[in-house]
2 protein chains.
Amino acid sequence: MLRVDARASDDPGVTGRRPLDELFDALADPTRRDVLQRLVHTGPQSATVLAEAFPFTRQAIVKHLKALEEAGLVAAERAGREVHYRATTERLAEAVAWLLGTSAGWDRRARRLAGLSPTAREGAG
Amino acid sequence: MLRVDARASDDPGVTGRRPLDELFDALADPTRRDVLQRLVHTGPQSATVLAEAFPFTRQAIVKHLKALEEAGLVAAERAGREVHYRATTERLAEAVAWLLGTSAGWDRRARRLAGLSPTAREGAG
DNA sequence: GTTATGTGCAACCCGTCAGTTGCACATCAG
DNA sequence: CTGATGTGCAACTGACGGGTTGCACATAAC
């Protein structure tokens, strides 16, 4: 439900693996973003069908889907011998929260914009 | 500031280099996000000073700053022999827009949330 | 002018990752 | 059962990117 929390970032101190990583990492690849969007527009699809819309092999798409799945951006559902991937949204909110939370740091209006709590902070120690 | 457009995604078509790429790419690296946040919290700083807060060399930080700069997330300003990097916000909005625009596709509520922005309410500026 | 501090450039490891291919396994249709 | 379609796994390759070091250049301080 895209609930923006505006926290979405535990204290890192300069370095440390945070859950945001796999999320932004998943979103970093253009193909992955395309896959995600296509999934959104067309509804749940199998990797095979999905791959037909891209200039890549099924396996490549599968890899992307795995990445997206680990990031919590898509969910896989088995239907017989087929596996349908469906876009999910919760995780996306975290990315938005970080962006908004970060921008709030130097743009007060951003925080008001989203009605976020000023607890936003992930600063490097 | 932080004007969320909720469109921000031209037809994906399956492939094609879009400006969003360098943006998400810049945000993909955890160190880069840390640098960005630190820049936000501490205000403009030189690469050298900035590097002291990280377990990396100045050069590493410089590279990240270059990436952030190309993505339009920070701006460099020369001051004598020093160069101060300052966080900027416009570009961040594009990322938010994409996320919101994407989520809106399969989550109507997201659009309402985005509705607090397409041109909007207060952030628009 | 000399020294100290700060930036810029280039070359160089090394790991990771996108994408590939090949093949084995599972399921549906006849 | 047999063949067709779909998925899963593993190994391999090539490229890109993060991080490093070393050194040259620029500016500030004395």
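Naming convention: chains lettered A, B, ... in sequence-line order (proteins, then strands); numbering from 1 in each chain.
Taking atom CD of A:E52 as the reference point, atom C1' of D:dT5 lies 12 Å away to the nearest angstrom. Rounded to an integer number of Å, the gap from CZ of A:F54 to C1' of C:dA18 is 14 Å. To the nearest angstrom, C1' of D:dG8 lies 16 Å from CD1 of A:I61. If you take CG of A:D25 and P of D:dC16, they are 17 Å apart, rounded to a whole angstrom. Rounded to whole Å, the distance from CG on A:D29 to P on D:dC16 is 14 Å. Going from atom CG of A:D21 over to atom C1' of C:dC17 covers 16 Å, rounded to whole Å. Separating the CZ atom of A:R33 from the P atom of C:dA18 is a distance of 13 Å, rounded to the nearest angstrom. B:R58 places its CZ atom 11 Å from the C1' atom of D:dT21, with the value rounded to the nearest Å.
Salt-bridge annotation for B:R91 and B:E94: present, with a side-chain N of the basic residue lying under 4.0 Å from a carboxylate O of the acidic one.
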Review point. Taking it one step at a time, do B:T102 and A:Q37 satisfy side chain to side chain donor-acceptor pair (under 3.5 Å)?
Key: CA-CA 6 Å; B:T102 296; A:Q37 285 214 323; 2.8 Å; yes
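At the phosphate of C:dG19, OP1 or OP2 sits under 4.0 Å from a side-chain N or O atom of A:T31. Phosphate proximity of D:dG19 to B:H64: present, with a side-chain N or O under 4.0 Å from OP1 or OP2. For the OP1/OP2 pair of C:dT5 and a distance below 4.0 Å, the side-chain nitrogens and oxygens of B:S46 include no atom meeting the criterion. Contact annotation: A:R32 does not reach the phosphate of C:dG19 (side-chain N/O to OP1 or OP2, under 4.0 Å).
Ranked by how close their nearest DNA chain C nucleotide is to the 5' end, A:E82 and B:V83 are led by B:V83. Comparing A:H84 and B:G80 against DNA chain D, the residue whose closest nucleotide sits nearer the 5' end is A:H84. If you find the closest nucleotide of DNA chain C to A:R78 and to A:T57, the one lying nearer the 5' end belongs to A:T57.
When distances are taken from the side chain of B:A60 to each of C:dA18, C:dG8, D:dT20, the shortest belongs to D:dT20. You'll find that the side chain of A:R81 is closest to D:dG6, out of D:dG6, C:dG19, D:dG19. Counting only heavy atoms from C-beta on, A:Q59 has its side chain closest to D:dG8 among C:dA18, D:dG8, C:dG19. Across D:dG18, C:dG19, D:dT20, the shortest atom-to-atom separation from the side chain of A:F56 is found for C:dG19.
Exactly one of A:L73, A:L36, A:L39, A:V83 qualifies for a side chain to side chain contact (heavy atoms under 4.5 Å, CB included) with A:L65. That residue is A:L39.
In this structure, A:R32 contributes its side chain and A:A26 its backbone to a donor-acceptor pair below 3.5 Å.
Residue side chain B:K63 does not reach the base of D:dG17 through any donor-acceptor N/O pair under 3.5 Å, judged by distance alone.
Hydrophobic clustering (ILVMFWY, side-chain heavy atoms < 4.5 Å, transitive): A:L99 and A:L23 are in one cluster.
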